[in-house]
Amino acid sequence: MTAHAIELKGISKAFGPVQANRNISMSVAKGTIHGIVGENGAGKSTLMSILYGFYKADRGEIWIDGKLTPIPDSQAAIRAGIGMVHQHFKLVENFTVVENVILGAEDGALLRPSIAKARRLLTELSEEYGLKVDPDAMIEDLSVGHQQRVEILKQLYRHADILILDEPTGVLTPAEADQLFRILERLKEEGKTIILITHKLREIMEITDTVSVMRRGEMTNTVKTADTSPAELAEMMVGRKVLLEVDKAPATPGDVVLKVDKLRVVRGGVERLKGVSLEIRRGEILGIAGVAGNGQTELLQVLGGMIPAQGGTVTLHNEPLDVTGKHSNGQTRRARGIGHVPEDRQTEGLIMAYEAWENVAFGYHQDPKYNTGLLMNNAAIKDDCADKMARYDVRPPNPRLPARNFSGGNQQKIVVAREMDRAPDLLLVGQPTRGVDIGAIEFIHKQIIALRDQGKAILLVSVELDEIMGLSDRIAVMFDGRIMGERLPSETNENELGLLMAGVTQGAA
Amino acid sequence: MDKMPKWADVVLIPLISVVLALVVSGLVVAIIGESPWRAMEIMVRGAFGSAYGWGYTLYYATNFIFTGLAVAVAFHARLFNIGGEGQAALGGLGVAIILLGVAWPHWTIALLAAVLFSAAFGAVWAAVPAYLQAKRGSHIVITTIMFNYIASALMVYLLVNVFRVEGSMSPESATFAEAVHLPNAASFAGFLGFRGSTPLNFSFFLALLACVFVWLLIWRTRLGYEIRAFGHSDSAAVYAGINPTKIIMITMIISGALAGMMAINVVMGEAERLVLDFVEGAGFVGIAVALMGRSHPVGVILAALLFGALYQGGAELQFEMPAISREMVVVIQALVILFTGALDNMVRMPMQAFFLSLRRRREAGARTPAE
């Protein structure tokens, strides 16, 4: 039996009162792909940060290739042959591929010889592992999938034998994700060891050899992938049985609620929406699928009044909605009966420093029921908050707790309670379950479907294809600021949507 | 869960900072060969030992309450208003214009007019940097500093060329009419021993009123809610439909108005004429006061009182101990500002760690021995 590539023994780490990692032991055999799954806040990222030297463990040992190897900083991690590909790439946009690869690993004071050497090495590496990238291309001109390859190349250039990938497929189309997996398999054949952190159980099943499950800072199970199933993994992650499928009756669409016609948005000199047209009816969920950054964010922001549009028209119940002018803001939208669960609850949907009750009024703070004359009626807001917390199962149900002290799922429930409880005619929902634990996902999905069944119109934006497929009554795919096509969930599949998400159209359907 | 109890945050940490500042000040005093104990005693007695001392301490505190509130209000919108100095100077200009220009029958109406004019002048002086920040993205720290210089030059020009009394050599305006004389502490609190010479005047109550106003504004009104929301997260504010331009403008206008009203205390209440440089750094002390008072009106009052005492006690100190020069007193004041404002985290971090370890020990103790 060969030595393990990585062996962790009794790793513990606390941040203040929070025990992020508790006595974690794990070993990964050389030349295998090991998956780590767990809900948000289960401690996966902390554990990997300890392995990569960002944090120092309070207790425990790290063994690399059978040798005790302390990793006080990331320099030590690199020396030990560990490379990390972050979820958000650490690349300099206006540097070429070669320049990015040698950044921080230059040989001497002069750049030219280093670059020449790097270009040669890069070509070799590209061929060896099937990582085709043009060494002289600018990063900003590369697709997200190719940028990720540069990140991997960067690690290989630094002689990494152990690669850690943190949520690598979050920004990729299904096709790009497939290519990534082929690359990972190739790396494995060449003897590299790979640790894959993800919350997508499908990917775990597809690519890993072994998988570890983390829950509440502890490593609860490590199993051979071949011996387990997605349902079993989900159960291990949450600690109880979970419904992975969404349960809903067929839609009965009514009158048109929202009609968007040739909407155009330019942000920072770039055209983000290039003439988007769509319709949503009463009692219907329209899902927008697409890889992040193809205009979905801007679509939600324009409809929610956060940014102005440069052209196009929008009507709500056949009445025009000002999307280009002065009166286009969040207040006027709410007055027209539009609710908005924004994509990013931490920087948009909530004021993290505000207590829960203050957040329950956020955006609706002009509402007469929250005010008495000049002053705000704090008692009324607190009562309303306590009531909403009880009905939307927010834990702990304490209106005086600052938003930042709730878990991701409970933060999202506060936003959902605020935006959905008024039963808006149109609900805009962005990434409703991003960073939300599986239990809360179930709950939020049920709420969205309940609102639809009340005859409301819902626009759902999500980068999770499973979520779009499960919830939507119709699916529109966005690519590069345009709607590439519409499909019915019953008549399409992930391959077809994946092609549309990559901008490929095969004749009109 | 919070890292430490609230009382530690608002009371204990500033207290430790002040004590540290005094210890270092004491060392400095000892180095030049004087007794730190005696210096300390002179300062405390000078500030609080007599009605005379209290009169000056509270008079200075009145200035610092206004400028401290000005900085605090801006802080809530995460705007750093360094321009209190210039805004207060302009406030003085407003006071002088309205008191010299109109023959007021009684000080009460004159005070109302002075409040309006000082606030308006200070507000206008703050509104220009605010507009540049909101519409052009020019950083408000830079522009408000620049506006201090402009204000200073403007005041010199006006006092020398416009307001100076004919035949006079000093750059100051004519004295205001007797009718607009504000009651001083001797007239409304003579029973406490205040004499006619005390500078403490009716403006003190105006400052307390301003504290109530700021508390209501920030924590009880929709505008205050929006100001705080914008200060915490501008992207979330936009999501909620809060207009950033509006918030920046209104917040800075209120901030400038509060700074401007400081002039009522000095120009109308004490000097009774417009003099050069009457602000005397109160605009900058306001930053330390707001920091130390954690941008809360009650904290601002306490911090203003501390700095008022430092000013008054410091003046007594250089009078009674010739070895301690004016500059020495400034060093002591600067040390307090340094420790309470700039070095806040130096005390805060160990205190947080201390309270955390306390809590862990308590929790460990509460658990069963099996753990």
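Chain identifiers are assigned alphabetically (A, B, ...) following the order of the sequence lines, protein sequences preceding nucleic acid strands; residue numbering begins at 1 within each chain.
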Criterion side chain to side chain contact (heavy atoms under 4.5 Å, CB included) against [X], the qualifying member of [options]:
{"X": "B/Met292", "options": "B/Val300, B/Ile13, B/Ile337, B/Leu306", "answer": "B/Leu306"}
{"X": "B/Ile65", "options": "B/Thr62, B/Leu69, B/Thr67", "answer": "B/Leu69"}
{"X": "B/Met252", "options": "B/Ile247, B/Leu79, B/Val128", "answer": "B/Leu79"}

Who among A/Thr347, A/Leu350, A/Asn329 has the most heavy-atom pairs with chain B under 4.5 Å? A/Thr347
Charged N to carboxylate O below 4.0 Å: is that the case for A/Glu358 and B/Arg228? yes
Any Lys/Arg nitrogen of A/Glu355 or A/Lys382 sitting under 4.0 Å from an Asp/Glu carboxylate oxygen of the other? no
Taking all atoms of both residues into account, what is the closest heavy-atom pair of [X] and [Y], and its distance?
{"X": "B/Asn81", "Y": "B/Ala74", "result": "CB-CB, 3.9 Å"}
{"X": "A/Leu263", "Y": "A/Val260", "result": "CB-CG1, 3.8 Å"}
{"X": "A/Val302", "Y": "A/Val265", "result": "CG2-CG2, 3.2 Å"}

Neighbourhood of chain B inside residues 408-429 of chain A, taking heavy atoms under 4.5 Å as contact: A/Arg418, A/Glu419
Determine which residues belonging to residues 368-381 of chain A lie within contact range of chain B, meaning some heavy atom pair is under 4.5 Å apart, and list them by number or answer 'none'. A/Asn371, A/Gly373, A/Leu374, A/Leu375, A/Met376, A/Asn378
Please report the interatomic distance [atom1]([X]) to [atom2]([Y]), rounded to the nearest 0.5 Å.
{"X": "B/Ile140", "Y": "B/Leu132", "atom1": "CD1", "atom2": "CG", "answer": "8.5 Å"}
{"X": "A/Gln19", "Y": "A/Glu218", "atom1": "CD", "atom2": "CD", "answer": "9.0 Å"}
{"X": "A/Asp58", "Y": "A/Arg22", "atom1": "CG", "atom2": "CZ", "answer": "11.5 Å"}

Heavy-atom donor-acceptor pair, [X] side chain to [Y] backbone, under 3.5 Å:
{"X": "B/Ser255", "Y": "B/Val73", "answer": "no"}
{"X": "A/Arg59", "Y": "A/Gly10", "answer": "no"}
{"X": "A/Gln310", "Y": "A/Val266", "answer": "yes"}
{"X": "A/Ser328", "Y": "A/Gly325", "answer": "no"}
{"X": "B/His139", "Y": "B/Val141", "answer": "yes"}
{"X": "A/Thr433", "Y": "A/Val436", "answer": "no"}
{"X": "B/His76", "Y": "B/Ser295", "answer": "yes"}

Residues of residues 237-245 of chain B near chain A, each having a heavy atom less than 4.5 Å away: B/Ala237, B/Val238, B/Tyr239, B/Ala240, B/Gly241, B/Ile242
Using a heavy-atom distance cut-off of less than 4.5 Å, which residues of residues 202-220 of chain B contact chain A? B/Leu216, B/Trp219, B/Arg220
Heavy-atom distances under 4.5 Å only: say whether [X] touches chain B with side chain, backbone, both or neither.
{"X": "A/Gln366", "value": "both"}
{"X": "A/Phe362", "value": "both"}
{"X": "A/Ile307", "value": "neither"}
{"X": "A/Arg334", "value": "side chain"}
{"X": "A/Gln301", "value": "neither"}

Aromatic plane relationship, A/His365 with B/Tyr225 - under 30° parallel, 30 to 60° tilted, over 60° perpendicular: tilted
